[in-house]
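A short write-up of the structure that comes next.
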Amino acid sequence: MHHAIAALVTVLSIAVIAPTSEGQFPQQQPQRVTGAWSDSTLGPDRRAELLLAQMTLDEKIALVHGSGMRSGGGSNGGAGYVPGIPRLGISALQMADAVVGVTRGAQMGRYSTAFPSQVALSSSWDVRVACEVGATIGEELFDQGYTMSLGGGVNITREPRNGRSFEYKGEDPILAGKLVASEMRCLQSRGILGDIKHFAANDQETGRNIGNVILDERRLRETDLLPFEVALREVEISAVMCSYNKVNGDWACENSYLLNDFLKKSIGFKGFVLSDWGGTHSTAKAALAGLDMEEPGAGYFGDSLKAAVQRGDVPMARLDDMVQRILRSQFALGQFDRQPARKVPDIFAGLDVAQRAAERGAVLLKNADHRLPLSASRVRSIAIIGSHADVGVLSGGGSSQVDAPGGNPVAAPGGTNTPGGGFGRIPVWHPSSPMKAIQAKAPHAKMTFDAGTDPSAAAAAARAAEVAIVFVNQHASEGRDVSSLALPNGQDTLVAAVAAANPRTIVVLETGGAVTMPWIDRVSAVLAAWYPGIRGGEAIANLLFGDVNPSGKLVLTFPKRETDLPHARVFGPPTSTVSLGDAALATQPAVAPAGGGGGGGGGRGGRVSVPPFDIPYTEGLKVGYKWYDAEGKAPLFPFGYGLSYTTFAYSGLRVETSTSPSAAATVSFTVKNTGARSGREIAQVYASLPASAGEPPKRLVAWDVIDLAVGESKTVRLAIEPLFLSVFDTASHAWRLPAGQYTIRVGGSSAMLPLNATIALAQ
Ligand code: BGC
């Protein structure tokens, strides 16, 4: 049988590249094998079908699970590795975590660009920025011998204390979906399989392996599932990673509603679903629910899946469908037609892209009396305070941690170069010094640095200088949520002391998301730099001195106080207040899967012996700004808000209905730069649906990023996609455009919308 199949293929060359300079990590170069599927004029589906027809049961099983997290063997050293099948010329899937750059550099002795956090990138609101970063990450993955990214974090910021907020794209599902679509389109243009995650409703880290999210179908479709739908309608993304948590009683990775009904049937997803690391909990149930690949091991999808297929518990057609989805994704991105070719990544290009993204994503939150920009020629002395701003900028921790080139410049327990920051336990700074970059702008200014550990010493330093720039941070990581939105380690006291000592106090925030600012009225200026990446110091200096005019706008709300959030605390088990995130990570031994065979799935989804608990997201549709709108709570800084060194005026709104399938309505309006500097405005369009729809007061439906010279006006024309005005109808399980009166509001922030007009839409 095996011989007969082998005879159908032609081995062109058996030049498997032997391990050479790669040492223990040889690049697995598949044999070049041709067959009917090699005809690149056939589409990916047909080619996959032809290849699938050649495969034995064992070969099919081998493709639907990872081979453990160990490095070595044929693995390229990434988080995931599915060996190829040389007999058929199928190349290995070499997967790397790559949300903000290619990870695991320290272990592998490789350099990759550390990009700003995803919240930072998204604060540019610009699909071109997302594309540029996606393409660069794709390029660096390819250069390093990877074939698949595990990036594409797109959970909405429903719980702002989520320790992974920095990996995601804010609280609006449409904005997040559009940005991830662009990022994945451009990453995939480099021949790398893309992946979006974590599907679905994995909005907190506390108890991520045991929490059961409760959200009904309408609320799921209109909130947590929507970014996935928006992205997958636009781009054929190769993979979706199902998450650790349960949704409405079923694990996300064996949830037939999520995987079969929504992803595959309702929105026609053609790629494959892979489990988060250790997120598989069954064989037949998961396979029949739509899971296509178990990661990182073979606890359920190895021998036990083979047995289930042989017994008929899982039809061969389902296994074929899993394999077909994987192969068609590889064909679609040319992985059968292009050989890997390693090179040293173009680090200079990466640095430029990272800096541009940091500059585009920083948000100027306050600028009293035009304190900023600083004048390079006039400023005489600057006190730099806090957050290791003398040596670097902070980054977020966990599986997305990009290792600092040269090692973490901030000495930490356990060594300065612990790979991956010890999975978030050791904050990693990137060696881009804001202080050096600021000094370079104002070479004649006297600069001092104070570590910020003693507020009175910091106040003395601030008093002695003309301007005080205080850097504050909040480290966030996968595996745990932040304990509160307050800045940790006494930094609120630090800022208050510095502000009391110097009226020219500027605060630079390096955080994963929103924080509270009890000192806001006492400081002159606040710049949210997020985790700004490997050129963060230079970007911050450019913004503070006005070489770059700030243009980022918030993709998440900053509340005035934590009690304004929908829930007083992050959900956890009823009897305990501890964060279970850490316990659910690799430190916890995985319980052998019941009847799973094959020795456990490994990875980070280790089952823990804490009782499961429910996560009832009672705010439902009211995520982020929709909550503040609906509840009449004024935030500290609203969604969509951000200042510039110039000003903009809006006029001339026209709204028209449209019959085009891609637009329910079109809007046009004019934006004018009314200030004294050229600048960039993010113009936003929100819609209030007819009252009968029962929706929150307004939702973002379109936006544009507009460059304007001094005095310049531009007329912007935007289409509003029908989906963005729709409501999910649970009776028909379909989107419905409610008939009635819509109010369209336009302006520069969700809380400042000077233009409005109404239109009537018929169903
Ligand atoms: C994370 C995923 C990641 C995977 C592999 C998991 O702990 O949740 O985002 O891709 O590990 O490192």
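Bear in mind that the values here come from a model prediction, so they are computed numbers and not experimental data.
Side-chain contact between L258 and F199 is present, with heavy atoms from C-beta onward closer than 4.5 Å.
Among residues two or more places apart in sequence or in another chain, the side chain to side chain donor-acceptor pair (under 3.5 Å) test is passed with S477 by none. With sequence neighbours excluded, no residue forms a side chain to side chain donor-acceptor pair (under 3.5 Å) with D346. With sequence neighbours left out, the side chain to side chain donor-acceptor pair (under 3.5 Å) criterion links T113 to E140.
Using cut-offs of 30° and 60° for the angle between ring planes, the W251 and H281 rings count as parallel. Between H475 and Y531, the ring-plane angle classifies as tilted under the 30° and 60° cut-offs.
S275 and T280 form a side-chain donor-acceptor contact under 3.5 Å, judged by distance and modelled atom types alone. Donor-acceptor pairing under 3.5 Å is lacking for the side chains of N76 and R104. In summary, the side chains of T223 and R158 do present a donor paired with an acceptor at a separation below 3.5 Å, with no hydrogens or angles considered.
How far CZ of F272 is from CD of Q330: 7.5 Å, rounded to the nearest 0.5 Å.
Judged by distance alone, the side chain of R535 and the main-chain N or O of G350 form no donor-acceptor pair under 3.5 Å. Side-chain atoms of E294 come within 3.5 Å of backbone N or O of G299 as a donor-acceptor pair. No donor-acceptor pair closer than 3.5 Å links the side chain of D97 to the backbone N or O of S400.
Taking the six-membered ring for Trp, W703 and F639 have ring centres at least 6.0 Å apart.
Between K197 and D276 there is no salt bridge, since no side-chain nitrogen of the basic residue lies less than 4.0 Å from a carboxylate oxygen of the acidic one.
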